[in-house]
Amino acid sequence: MRIKSLFFLLSLCMILLSCTDKKPVGQEQGASVQQVDSMPVKRVDSVEVVKKKPLTYKILVPFAYRFCNPDTLINKNWVELYKDGKDYYVGKARYSIQKKEDACVGGMTPHLSGKRNTILFVNQLPVNLGKVKTADVEISDTTFLAPGTTSRFAFAGKRYKLVAKAQGEDVYKNYTLLLNGERICREAEVDGVYFRLLFAGDLDGDGKLDLVLSLPLHYENLRIVMFLSSCAPPGLQIGKAAEIVDDFSC
């Protein structure tokens with residue numbers, strides 16, 4: 001009897017010891033979750049994002065400059081918009097700069113000349129070199145946007161109306177140009193000269209209308225402005241991308 005009691009006690013101890021070596025199921029699952037959480041995670045904010053820089057445009061036109069030195073601006077990397085017959089092209093800039101006597105200022109001034117029928121020189125354009133798409137509008141040296149006149153044309157399947165408005169005679173007040181009702185420029189006073197359209201077509205390669213305009217403030221003032229659709233403020237058709245201003249008064 002004593003031997004049986006001793007054997008029973010030994011068996012009970014062995015069962016208890018074997019049970020204490022096992023971990024509860026919940027404890028084992030908790031340990032495995034902790035290992036997953038401790039794995040290193042790649043930081044997303046460490047990835048470098050390359051932002052596209054906006055283009056900065058500079059323009060020049062064939063002219064005898066007084067306040068601008070074309071030598072410090074134009075170089076072989078510039079392109080030009082030029083006219084050949086009735087068509088317009090963008091090509092590598094072909095130009096010359098010569099110092100000539102200017103009797104009005106009593107000194108030498110740099111003359112920038114184009115070797116083709118150049119409309120303007122520009123430091124960069126996203127459009128491919130070659131023939132550019134143009135609007136169906138006749139442009140000549142005698143085609144002015146005089147106050148009270150309207151120029152109508154089409155481009156890329158869309159009709160356009162460029163309206164010129166102003167008050168007064170000879171000295172115009174609030175000389176304004178409206179493109180399909182959208183004001184693209186307004187000058188408080190313009191003395192004895194008209195605005196003029198120099199180009200209408202696609203210069204930035206997005207298939208939308210761009211304009212080059214002569215917008216002088218007086219009759220001895222040079223002011224050429226390039227408007228691009230890709231520079232338009234939100235909700236508008238077109239925006240000013242660059243301008244060049246100089247003077248030829250005497």
Side-chain angles (χ1 to χ4, degrees), residues 54-55 57-61 79-91 117-122 124-168 172-190 193-217 221-245:
L55 296 176
Y57 297 100
K58 297 177 182 178
I59 61 173
L60 289 168
V61 295
V79 297
E80 65 176 304
L81 171 67
Y82 65 95
K83 187 177 182 181
D84 187 359
K86 293 185 178 181
D87 297 321
Y88 291 81
Y89 297 84
V90 169
N117 186 7
T118 305
I119 308 302
L120 83 164
F121 298 102
V122 57
Q124 58 187 331
L125 277 176
V127 71
N128 293 328
L129 300 183
K131 187 176 179 180
V132 294
K133 295 179 180 179
T134 56
D136 62 346
V137 57
E138 282 292 330
I139 298 176
S140 71
D141 293 340
T142 59
T143 305
F144 296 100
L145 299 170
T149 63
T150 299
S151 178
R152 302 176 189 272
F153 53 89
F155 180 73
K158 185 176 180 180
R159 304 296 302 179
Y160 290 91
K161 185 169 65 172
L162 187 59
V163 178
K165 294 183 177 182
Q167 295 87 43
Y172 300 104
K173 303 293 185 181
N174 296 319
Y175 202 148
T176 304
L177 293 182
L178 303 170
L179 181 65
N180 285 359
E182 176 186 309
R183 188 178 72 198
I184 60 174
C185 77
R186 183 179 66 185
E187 300 302 332
E189 184 174 292
V190 175
V193 67
Y194 297 140
F195 294 161
R196 188 157 63 93
L197 179 64
L198 302 179
F199 172 81
D202 183 17
L203 282 178
D204 55 15
D206 63 358
K208 299 178 182 179
L209 181 70
D210 306 312
L211 299 175
V212 179
L213 293 164
S214 173
L215 305 175
L217 298 183
N221 171 240
L222 168 78
R223 182 168 175 249
I224 308 297
V225 182
M226 180 174 70
F227 294 87
L228 298 179
S229 56
S230 55
C231 294
L236 300 182
Q237 303 172 84
I238 208 166
K240 184 167 73 172
E243 72 176 285
I244 181 67
V245 179

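Starting from 1, each residue takes its place in the sequence as its number. Model, not experiment: these values are computed from the prediction.
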* Asked: How far apart are the C-alpha atoms of L213 and L197, what are their side-chain angles, what is the distance that settles it, and do they pass the side-chain contact (heavy atoms from CB on, under 4.5 Å) test?
  -> CA-CA 5 Å; L213 293 164; L197 179 64; 3.6 Å; yes

* Asked: Got a second to check how far Y82's OH is from T118's OG1, nearest 0.5 Å?
  -> 9.0 Å

* Asked: What are the two closest non-hydrogen atoms of L145 and Y175, and how far apart are they?
  -> O-OH, 2.6 Å

* Among residues two or more places apart or on two chains, list those pairs meeting salt bridge (charged side-chain N to carboxylate O under 4.0 Å, His left out) that have a residue in residues 206-215. => none

* Asked: Is there a side-chain contact (heavy atoms from CB on, under 4.5 Å) between V132 and F199 once you walk through the steps?
  -> CA-CA 11 Å; V132 294; F199 172 81; 4.1 Å; yes

* Only one of E189, Q167, E187 forms a side-chain hydrogen bond (donor to acceptor under 3.5 Å, both in side chains) with K173, so which one is it? -> E189

* Does the N180 side chain pair with the main chain of R159, one donor and one acceptor, at a distance under 3.5 Å? -> yes

* Got F155 and V137 here, is their nearest side-chain heavy-atom distance under 4.5 Å? -> no

* To do: Could you grab the distance from atom CG of L120 to atom OG of S214, nearest 0.5 Å is fine?
  => 12.0 Å

* May I ask you to decide whether D87 forms a salt bridge with K131, counting only side-chain N to carboxylate O separations under 4.0 Å? => yes

* Under 4.5 Å between any side-chain heavy atoms of T143 and E138, yes or no? -> no

* Asked: Does the side chain of V61 come within less than 4.5 Å of L198's, by heavy atoms?
  -> no

* Is there a side-chain contact between D202 and D204, using heavy atoms and a 4.5 Å cut-off? -> yes

* Structure fact -> Closest heavy-atom pair, G207 versus A156, reported as atoms and distance to 0.1 Å, is O-CB, 3.7 Å

* Passes side-chain contact (heavy atoms from CB on, under 4.5 Å), T149 versus Y194? Steps please. -> CA-CA 11 Å; T149 63; Y194 297 140; over 6 Å; no

* Asked: Taking all atoms of both residues into account, what is the closest heavy-atom pair of F121 and E80, and its distance?
  -> CD2-CB, 3.6 Å

* To do: Give, for atom CG of L81 and atom NZ of K83, the distance between the pair rounded to the nearest 0.5 Å.
  => 10.5 Å

* Asked: Short question: side chain of R186, backbone of N174 - any donor-acceptor pair under 3.5 Å?
  -> no

* Asked: Does the side chain of L211 reach to within under 4.5 Å of the side chain of I184, using non-hydrogen atoms?
  -> yes

* To do: List the atom of S140, the atom of R196, and the distance in Å for their closest heavy-atom pair.
  => O-NH1, 3.5 Å

* To do: Decide yes or no for L179 and L209: does some side-chain heavy atom of the first lie under 4.5 Å from some side-chain heavy atom of the second?
  => yes

* Structure fact -> For C185 and F195 the tightest heavy-atom approach is SG-CE1, 4.1 Å

* Asked: How many angstroms lie between CD1 in I139 and OG1 in T134, if you round to the nearest 0.5 Å?
  -> 8.0 Å

* To do: Find the distance between NZ (K240) and SG (C231) and round it off to the nearest 0.5 Å.
  => 11.5 Å

* Structure fact -> Given the options I119, L203, V122, V90 meets side-chain contact (heavy atoms from CB on, under 4.5 Å) only with L203

* **Heavy-atom side-chain contact between M226 and E243 under 4.5 Å** => no

* To do: Please name the pair of heavy atoms, one in A164 and one in A146, separated by the smallest distance, quoted to 0.1 Å.
  => CB-O, 3.4 Å

* pair E182-I238: side-chain heavy atoms closer than 4.5 Å -> yes

